[in-house]
Amino acid sequence: MIQLQNITKYYPVGLGRNFILKDIDLTINEGEFVSIMGPSGSGKSTLLHIMGLLEEPSEGQYLFEGERVDKMNEKKRTQLHRGSIGFVFQAYHLIDELTVYENIETPLLYKNVSASERKSRVADVLDRFNIVAKKDLFPNQLSGGQQQLVGIARAIVAEPRVILADEPTGNLHSDQAKSIMELFKELNEKDKITIVQVTHSDVNATYGNRIIQLRDGHIRS
């Protein structure tokens with residue numbers, strides 16, 4: 001599904017280069033739940049951002065379902081980003097001025113989904129995550145765990161093929177973290193959504209079926 005071939009990311013520093021990732025070869029198969037681990041500064045988030053089209057590699061090729069992302073025109077890249085990839089962030093990234101309902105609805109507005117279809121899909125995820133009673137609240141009226149639930153609901157409402165999660169439980173206490181990870185496992189096993197998470201947590205990593213260890217921009221194991 002996702003193929004990274006010789007992916008390198010660097011930034012110019014003086015006359016040299018600061019390498020964040022170097023010669024990454026990685027394949028993520030459809031239906032996998034992959035955990036990416038490594039110390040701070042090892043390039044984990046950068047790797048995830050490249051997969052999510054939030055950053056571009058300096059060198060190498062990224063193929064999504066066999067098609068080179070760098071050869072796509074801007075319209076197709078946008079469709080891929082909005083239609084096939086859902087992102088879940090450590091800091092939630094909800095829009096403070098929008099209600100829970102409106103935050104979840106936002107990806108569907110970008111995809112020009114009809115009003116009736118939007119209403120149906122948002123109602124479905126509100127019900128599934130047991131947050132119907134929170135739909136008219138604003139993010140600052142929610143706990144961290146509830147905000148992350150809304151973030152995941154927003155990620156899946158557009159029915160993505162892949163969810164990329166960057167430290168999804170980093171700001172949560174252990175009980176909240178466990179419920180979020182159980183939810184990811186359910187999305188992977190029941191909904192067949194491919195999941196790639198970046199995590200520092202050994203416990204969270206075990207929810208996946210494969211662990212990738214990054215160190216100094218290289219895959220170590």
Side-chain angles (χ1 to χ4, degrees), residues 1-4 7 9 20-21 24-55 57 62 64-65 80-94 107 125 128-129 144-215 217-221:
M1 178 177 240
I2 289 175
Q3 288 178 283
L4 304 178
I7 291 292
K9 181 71 176 182
I20 310 300
L21 297 170
I24 297 290
D25 287 313
L26 178 63
T27 297
I28 308 292
N29 297 310
E30 188 166 3
E32 277 199 293
F33 187 159
V34 176
S35 301
I36 299 174
M37 301 190 75
S40 296
S42 59
K44 304 185 300 298
S45 292
T46 300
L47 182 59
L48 204 69
H49 289 173
I50 288 172
M51 289 187 206
L53 310 186
L54 300 178
E55 291 188 48
Y62 173 13
F64 191 94
E65 296 193 322
L80 174 61
H81 175 69
R82 292 177 178 172
S84 296
I85 301 170
F87 232 104
V88 177
F89 301 92
Q90 177 178 352
Y92 320 131
H93 285 207
L94 302 179
V125 295
R128 177 174 184 176
F129 292 177
Q146 290 166 345
Q147 288 188 61
Q148 194 59 294
L149 272 181
V150 175
I152 297 170
R154 181 184 59 186
I156 72 163
V157 75
E159 299 176 350
R161 307 281 306 285
V162 182
I163 288 179
L164 304 176
D166 194 357
E167 295 284 1
T169 67
N171 290 335
L172 306 179
H173 63 64
S174 56
D175 288 344
Q176 292 173 326
K178 183 178 179 182
S179 65
I180 292 297
M181 292 311 303
E182 293 288 351
L183 177 56
F184 276 129
K185 194 167 184 68
E186 179 183 311
L187 291 170
N188 175 247
E189 292 180 351
K190 292 187 179 179
D191 297 52
K192 307 303 181 186
I193 298 174
T194 304
I195 295 177
V196 183
Q197 69 161 342
V198 160
T199 183
H200 279 105
S201 166
D202 291 327
V203 173
N204 287 3
T206 62
Y207 282 86
N209 60 296
R210 184 155 60 110
I211 297 173
I212 308 295
Q213 292 282 356
L214 269 187
R215 189 172 295 274
H218 295 272
I219 292 177
R220 294 302 186 194
S221 61

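Computed over heavy atoms, backbone and side chain alike; hydrogens, waters and symmetry mates excluded. Given the structure is predicted, the values throughout are model-derived calculations rather than measurements.
Evaluation of the ring-ring contact (aromatic ring centres under 6.0 Å, His included) test over residues 162-185, restricted to residues two or more places apart or in two chains, returns none. Residues in residues 194-205 take part in no salt bridge (charged side-chain N to carboxylate O under 4.0 Å, His left out) pair, two or more places apart or across chains. Every pair passing ring-ring contact (aromatic ring centres under 6.0 Å, His included) that includes a residue from residues 35-54 is listed here, sequence neighbours excluded: H49-F87.
For the pair I219/L214, a side-chain contact is recorded, criterion being any heavy-atom separation below 4.5 Å from C-beta on. Taking 4.5 Å as the limit, every side-chain heavy atom of T169 sits out of range of all side-chain heavy atoms of Q176. Under the 4.5 Å side-chain criterion, counting only non-hydrogen atoms from C-beta, I193 is not in contact with F33. At least one side-chain heavy atom of Y207 sits less than 4.5 Å from a side-chain heavy atom of E182. Within the 4.5 Å cutoff, no side-chain heavy atoms of N171 are placed close to those of Q147. The side-chain heavy atoms of V198 and Q90, taken from C-beta on, include no pair separated by under 4.5 Å.
No more than 12 heavy-atom neighbours from other residues, nucleotides or ligands sit within 6.0 angstrom of CZ on R215. In H218, the NE2 atom is crowded: over 12 heavy atoms of neighbouring residues, nucleotides or ligands sit closer than 6.0 Å.
Across every non-hydrogen atom of V88 and A155, the tightest pair is CG2-CB, 3.8 Å. Nearest approach of R128 to L187, heavy atoms of both residues: NH2-CD2, 3.6 Å. Across every non-hydrogen atom of N188 and T194, the tightest pair is ND2-CA, 4.4 Å. A pairwise comparison of heavy atoms in T199 and S35 identifies CG2-CB, 4.4 Å as the closest pair. Shortest non-hydrogen contact noted between N204 and Q197 is O-NE2, 2.9 Å. The minimum heavy-atom distance between V203 and T206, with the atom names listed, is O-OG1, 2.5 Å.
Summarising the geometry, atom CD1 belonging to I7 is positioned 9.0 Å from atom CD1 belonging to I24; distances are rounded to the nearest 0.5 Å. Here CZ of R154 is found 5.0 Å from CG of L94. Values are rounded to the nearest 0.5 Å. Residue L80 holds its CG atom at 5.0 Å from CG of L53, rounded to the nearest 0.5 Å. Rounding to the nearest 0.5 angstrom, the gap separating the CG atom in L172 from the CG atom in L149 is 9.0 Å. Atoms OG and CE, on S201 and M37 in that order, are 6.5 Å from each other to the nearest 0.5 Å. If you take CG on L4 and CD1 on I28, they are separated by 7.0 Å, rounding to the nearest 0.5 Å.
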Determine all donor-acceptor pairs shorter than 3.5 Å in which one atom belongs to a side chain in residues 156-163; sequence neighbours excluded.
| unit_1 | atom_1 | unit_2 | atom_2 | d |
| --- | --- | --- | --- | --- |
| R161 | NH1 | E65 | OE1 | 3.3 |
| R161 | NH1 | E65 | OE2 | 2.7 |
| R161 | NH2 | E30 | OE2 | 2.9 |
| R161 | NH2 | E65 | OE2 | 2.6 |

Pairs under 3.5 angstrom only: tabulate donor-acceptor contacts from the side chains of residues 39-47 to other protein residues two or more places apart or in another chain.
| unit_1 | atom_1 | unit_2 | atom_2 | d |
| --- | --- | --- | --- | --- |
| S42 | OG | P39 | O | 2.7 |
| K44 | NZ | G38 | O | 3.0 |
| K44 | NZ | P39 | O | 3.2 |
| S45 | OG | D166 | OD1 | 3.2 |
| S45 | OG | D166 | OD2 | 3.1 |

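With N29 contributing its side chain and M1 its backbone, the two residues share no donor-acceptor pair below 3.5 Å. One N or O on the side chain of Q148 and one on the backbone of F89 form a donor-acceptor pair closer than 3.5 Å.
Take Q3 and apply the side-chain contact (heavy atoms from CB on, under 4.5 Å) test, not counting sequence neighbours, and it matches Q5, T27, L63.
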